[in-house]
Peer 1: 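Mind looking over this structure? Questions follow.
In what follows, every chain begins at residue 1, and chains take the letters A, B, ... in the order their sequences are listed.
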Amino acid sequence: MTHNSPFIVRILQLHCDSIEYTPTKKEIKSAEEDVSTDTTRLEELVVAFVAVEKDDDSSVAQDAISQIKNSMEKIGCKKLLLYPYAHLSSNLASPNLAMSLLKEMESSASELDVSHSPFGWTKSYKVQVKGHPLAESSKVITKETLSSQDEVTSEALKSESKIKSYWYIMSPDGSMTPMSEFNFSNHQKLEILSKYESAKKRSVDEPPPHVALMKKMAIADYESASDQGNMRFFPNGRLIKSLIEQYVTARVKEYGGYEVETPIMYDSHHPSMVSYFNRFPARQYNIDSEGKQLFLRFAACFGQFLMANEFQLSYKNLPYRLYELTRYSFRREQSGELVGLRRLRAFTMPDCHAFCKDLEQSIEEIKTRFDLSRSVLNDLGIEESDYEMAIRFTEDFYNENKKTVEELVKKHGKPVLVEMWKEKFFYFVLKWEFNFIDNLGKASALSTDQIDVENGNRYGIDFVDENNEKKNPIILHNSPSGAIERIIYALLEKAAFDSKQGRKPQLPLWLSPTQVRVIPLKEEFYEYCNSLVEKISTNNIRADIDDRNESIGKRIREAEKEWIRYILVIGEKEANSENLSIRDRQTGDVREISFDDFISEFKEQTKGRPFTGLNMPKNLSQRPQLMV
RNA sequence: GCUUCGAUAGCUCAGCCUGGUAGAGCGUUACCUUGGUAAGGUAAAGGUCGCGGGUUCGGAUCCCGCUCGAAGCUCCA
């Protein structure tokens, strides 16, 4: 929904048999005074739920009330209740303004039996709506047109809330059990995912463990000088994030994606955006610039579709895949929703679209990408037992493509949450996702893919088929890993879980900011240590030196706290030995190994993963301490 | 958005109930210490107690307002 349009008054109008409302409590300071908390009951009336948005003026109020009067005449109703209802808008006018506007509307309808429910109060209400076709309507009164129009922009939101879903659990053998009848006793995480929406109050009063870890490990932190949900990444965090980004990008390119870069902001009034918004009720950041109303992208879709629109495509070119690692995508999530690295307002999202010539091709393609996503997650350190799969589709799609659905579920190998829609509400007919379940029982989506049957047409993307006819491609929307920040969140939550179980928390070796720490016993070994670190580093291993004037015990303890896998203490013995004495954090033991054997053991563990050099001074004595 | 909680040294926090000279640990700096696999010692520096108002002889502490933050809820195509 675009908030740029100069909508002023939003009205949901209901023709009712009756309504009862009870003011319970003042919600805002400027609430109406002298309000009785008795229940009011009205019968045979029109209830207009009204929200006033900012930038209004009284001409709009006049227009709004005359619209209501018109339609009331049509249905032959003389009684009107104006019901202030802030929830119709996320861009409300100030309470004072809204209240005066409502009063104006009320006084302009004196020929009707008109009243209003108290403004600024929390109210409970009970409403009985009539069943005839004109009983329900919504209006948006704008300053620009000064006329009502059907509420186009909220269609998606409205249909979303009306969506009829049927919930099942599908087993790997393809059998479907209604969710309520499924025995979850061996599938606790799936149960968490399935019951997520209907879950009773969980009295979780601890913050998610990854929040403390991301600070303690000097990975990331909140930046209060920015907007909420916009993080800063310290050198450690940037290194980890960069490596994950590189890895995911390499895998997508290997699969056949072509990397592009597209703008992060778009004109809300560009023709292809307007209709997209109708189907896409996201909250986005808006920017006014030189009379243009721009919004920050919430995915790479626009950029890639607008680009694909320029391509001359033949069926021979398909499937064709465009890929972008969006740094950043922006979603203005509700402030109360933002938690650590789990849910952000600015995030890095690998987004790969595949343009396919027909449904068959898209089905082949979605299987390939399903495998890719599983493999990417696994290689990033997220195991199958860490996530649960959900798959959603329309009833029609399922009836015509049962085998495809069953095949995906079978690949997953565990029971899967199924949501089946009676009709198509979104632009896609099938969507699957992998959901990570964290220590607090929260589910968050990682990988996902969708079969989009609308946007090819909407964005005017076409190709010439075998019969020399123009067609719109079917588009798949895949993020093989989900947001990169969310991967870090998942890895930290896993580490916290290990810690809780009494195991040592750790990051995958290839992501560790320091992989080998060298500790000189005393100053006279500094030179030797330097050349040793040099020698290790030339093998693409991140090694550093703790040359601070601290005891051995303390320096080892701090290396442990930094989750550093290998520690080399260098004294007389080591300086004169061909072999290395290595303390392996996984065992806590010191063992002797030749330099070459160590290097190959190390390489074996980081095989196929990207490398980048140390992102901190090599000497710890030269590092600033991050206390966050 | 709603509810609740919070804001005191660079960081984590105590002090507040019951008003009377601003505290600890970690970190930082200096010096001592030259160590053998998870915390060596001594000392110093470091704070308009988030902002504004009120009560009081006196406010970090009590009252009111504001700002910012966090968690939970709702939400999450």
Peer 1: Using a heavy-atom cut-off of 4.0 Å across all strands, would you classify A:E524 as base, sugar-phosphate, or nothing?
Peer 2: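 If one applies the 4.0 Å heavy-atom cut-off, A:E524 turns out to touch nothing in the nucleic acid.
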Peer 1: B:rU33 base to A:N549 side chain: any donor-acceptor pair below 3.5 Å?
Peer 2: yes
Peer 1: Quick one: CZ on A:R332 to CZ on A:R345, what's the gap to the nearest 0.5 Å?
Peer 2: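 Rounded to the nearest 0.5 Å, the CZ-CZ separation comes to 6.5 Å.
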Peer 1: Which base, if any, makes a Watson-Crick or G-U wobble pair with B:rG6, both distances under 3.5 Å?
Peer 2: B:rC68
Peer 1: If the C1' atom of B:rG20 is compared with that of B:rU61, how far apart are they to the nearest Å?
Peer 2: 11 Å
Peer 1: Please measure how far the C1' atom in B:rG54 lies from the corresponding atom in B:rG59, and state the result in whole Å.
Peer 2: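 So the two C1' atoms sit 11 Å from each other.
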Peer 1: Nearest to the side chain of A:S551, which nucleotide is it out of B:rU37, B:rA39, B:rA77?
Peer 2: B:rA39
Peer 1: If you check every side-chain atom of A:R343, which of B:rU37, B:rG72, B:rC76 has the closest atom?
Peer 2: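 For A:R343, the side-chain atoms sit closest to B:rC76.
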Peer 1: Counting side-chain heavy atoms from C-beta on, which of B:rG72, B:rA39, B:rA70 comes nearest to A:V339?
Peer 2: B:rG72
Peer 1: Below 3.5 Å between N/O atoms, which protein atoms pair up with nucleotides 5-8 of chain B? Just atom names and distances, please.
Peer 2:
none

Peer 1: Under 4.0 Å between a side-chain N/O of A:K561 and OP1 or OP2 of B:rG27, yes or no?
Peer 2: no
Peer 1: Need one value for A:I556: base, sugar-phosphate or nothing, where a base atom within 4.0 Å counts as base even if backbone is also close, heavy atoms only.
Peer 2: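 Contact class for A:I556: base.
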Peer 1: For A:N472 and A:Y459, does a side-chain donor sit closer than 3.5 Å to a side-chain acceptor?
Peer 2: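 Per modelled atom types, A:N472 and A:Y459 side chains form no pair under 3.5 Å.
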Peer 1: Checking contacts here: which listed nucleotide (B:rA38, B:rA77, B:rU37) is nearest the side-chain heavy atoms of A:E560?
Peer 2: B:rA38
Peer 1: Does any donor atom in the side chain of A:Y387 or A:E433 lie under 3.5 Å from an acceptor atom in the other side chain?
Peer 2: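 The criterion, which ignores hydrogens and geometry beyond distance, is not satisfied for A:E433 and A:Y387.
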Peer 1: First locate atom CZ of A:F295, then atom CG of A:N286, and finally report the distance between them rounded to the nearest 0.5 Å.
Peer 2: 8.5 Å
Peer 1: Taking it one step at a time, do A:H270 and A:F302 satisfy ring pair (Phe, Tyr, Trp, His ring centres under 6.0 Å)?
Peer 2: CA-CA 11 Å; A:H270 187 280; A:F302 324 111; over 10 Å; no
Peer 1: Write down the distance separating the C1' atoms in B:rG47 and B:rU8, rounded off to the nearest Å.
Peer 2: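 Taking atom C1' in both B:rG47 and B:rU8, they lie 8 Å apart.
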Peer 1: How many angstroms lie between CD in A:E601 and CD1 in A:I582, if you round to the nearest 0.5 Å?
Peer 2: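 The CD atom of A:E601 sits 7.0 Å away from the CD1 atom of A:I582.
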Peer 1: Contact class for A:L338 vs. all strands (heavy atom < 4.0 Å): base, sugar-phosphate, or nothing?
Peer 2: sugar-phosphate
Peer 1: Taking atom C1' in both B:rU3 and B:rC75, what distance in whole Å separates the two?
Peer 2: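 The same atom, C1', in both gives a distance of 15 Å.
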Peer 1: Considering only the C1' atoms, how many Å lie between B:rG46 and B:rU37, rounded to the nearest integer?
Peer 2: 34 Å
Peer 1: B:rG36 P sits how many Å from A:L580 CG, rounded?
Peer 2: 21 Å
Peer 1: Rounded to whole Å, please give me the gap between CD in A:Q450 and P in B:rA77.
Peer 2: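 The distance from CD of A:Q450 to P of B:rA77 comes to 10 Å, rounded to the nearest Å.
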Peer 1: What distance do A:T514 atom OG1 and A:I545 atom CD1 have between them, rounded to the nearest 0.5 Å?
Peer 2: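 Spacing of OG1 (A:T514) from CD1 (A:I545) equals 11.5 Å.
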Peer 1: Between B:rA39, B:rA38, B:rA77, spot the one nearest the side chain of A:K554, thanks.
Peer 2: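 The closest nucleotide is B:rA39.
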Peer 1: Rounded off to whole Å, could you give me the CG-to-C1' distance for the A:D221 and B:rG10 pair?
Peer 2: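 Answer to the nearest Å: 13 Å.
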Peer 1: Please report, rounded to the nearest Å, how far the P atom of B:rC76 is from the CG atom of A:L446.
Peer 2: 18 Å
Peer 1: Please tell me which of the listed nucleotides, B:rG36, B:rC73, B:rU37, lies nearest to the side chain of A:R583?
Peer 2: B:rU37
Peer 1: Any carboxylate oxygen within less than 4.0 angstrom of a Lys/Arg side-chain nitrogen, looking at A:E560 and A:R583?
Peer 2: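 Salt bridge: yes.
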Peer 1: Please determine, for B:rU28, whether a Watson-Crick or G-U wobble partner exists with both distances under 3.5 Å, and give it or none.
Peer 2: B:rA44
Peer 1: Tell me the partner of B:rU18, counting only Watson-Crick (N1-N3 plus N6-O4 or O6-N4) or G-U wobble (N1-O2 and O6-N3) with both under 3.5 Å; none if nothing fits.
Peer 2: none
Peer 1: Give the nucleotide from the list B:rG27, B:rG72, B:rU37 with an atom nearest to the side chain of A:E558.
Peer 2: B:rG27
Peer 1: Looking just at side-chain N and O atoms, do A:E333 and A:Q228 make a donor-acceptor pair shorter than 3.5 Å?
Peer 2: no
Peer 1: Base, sugar-phosphate or nothing for A:G571? Non-hydrogen atoms, less than 4.0 Å.
Peer 2: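 Base: the residue A:G571, judged by heavy atoms under 4.0 Å, touches a nucleobase.
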Peer 1: Suppose we define a pair by two distances each less than 3.5 Å, Watson-Crick or G-U wobble; what does B:rC73 pair with here?
Peer 2: B:rG1
Peer 1: Residues two or more places apart in sequence or in another chain: which of them pass side chain to side chain donor-acceptor pair (under 3.5 Å) with A:E527?
Peer 2: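 A:E527 satisfies side chain to side chain donor-acceptor pair (under 3.5 Å) with no other residue.
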Peer 1: Specify the separation, in whole Å, of atom CZ of A:R555 and atom C1' of B:rU34.
Peer 2: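 It is 9 Å, rounded to the nearest whole Å.
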Peer 1: Does any nucleotide pair with B:rC13 by Watson-Crick or G-U wobble geometry, both distances under 3.5 Å, and what is it?
Peer 2: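 B:rG23 is the nucleotide pairing with B:rC13.
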Peer 1: Please measure how far the P atom in B:rG25 lies from the corresponding atom in B:rA14, and state the result in whole Å.
Peer 2: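 B:rG25 and B:rA14 have their P atoms separated by 16 Å.
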Peer 1: Can you tell me which nucleotide in B:rA71, B:rG36, B:rA38 comes closest to the side chain of A:L521?
Peer 2: B:rG36
Peer 1: Please determine, for B:rG59, whether a Watson-Crick or G-U wobble partner exists with both distances under 3.5 Å, and give it or none.
Peer 2: none
Peer 1: Taking the C1' atom of each, how far is B:rA70 from B:rC26, in whole Å?
Peer 2: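 Going atom to atom, C1' in each nucleotide, I get 23 Å.
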Peer 1: By nearest heavy atom, map A:D227 and A:F428 onto RNA chain B; which one lands nearer the 5' end?
Peer 2: A:D227
Peer 1: Any Lys/Arg nitrogen of A:E558 or A:R517 sitting under 4.0 Å from an Asp/Glu carboxylate oxygen of the other?
Peer 2: no
Peer 1: Round to the nearest Å and state the distance from A:I552 atom CD1 to B:rU33 atom P.
Peer 2: 17 Å
Peer 1: Look at the side chain of A:E523 and decide which nucleotide, out of B:rA71, B:rA77, B:rU34, has an atom nearest to it.
Peer 2: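 The closest nucleotide is B:rU34.
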Peer 1: Taking 4.0 Å as the cut-off, does a side-chain nitrogen or oxygen of A:R392 come that near to OP1 or OP2 on B:rA77?
Peer 2: no
Peer 1: With a cut-off of less than 4.0 Å, is there a side-chain N or O of A:Q228 near OP1 or OP2 of B:rC68?
Peer 2: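 Checking B:rC68 against A:Q228, no side-chain N or O comes under 4.0 Å of OP1 or OP2.
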Peer 1: For A:D438 and B:rG72, give me the distance from atom CG to atom P, rounded to whole Å.
Peer 2: 10 Å
Peer 1: Counting Watson-Crick and G-U wobble pairs only, both distances under 3.5 Å, name the nucleotide matched with B:rC49, or none.
Peer 2: none
Peer 1: Could you tell me whether the phosphate oxygens of B:rA71, OP1 or OP2, come under 4.0 Å of any side-chain nitrogen or oxygen in A:Y222?
Peer 2: yes
Peer 1: Measuring only the C1' atom in each nucleotide, how far is B:rA22 from B:rC63? A whole number of Å is fine.
Peer 2: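 23 Å, rounded to whole Å.
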Peer 1: List the steps, then state whether side chain to side chain donor-acceptor pair (under 3.5 Å) holds for A:E423 with A:W421.
Peer 2: CA-CA 5 Å; A:E423 305 161 44; A:W421 297 304; over 6 Å; no
Peer 1: A:N455 CG to B:rA77 C1': how many Å, rounded?
Peer 2: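 For the pair A:N455 CG and B:rA77 C1', the rounded distance is 12 Å.
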Peer 1: With both distances under 3.5 Å as the test, what is the Watson-Crick or G-U wobble partner of B:rA38?
Peer 2: none
Peer 1: Which nucleotide sits closest to the side chain of A:F298: B:rG36, B:rA77, B:rA38?
Peer 2: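 The closest nucleotide is B:rA77.
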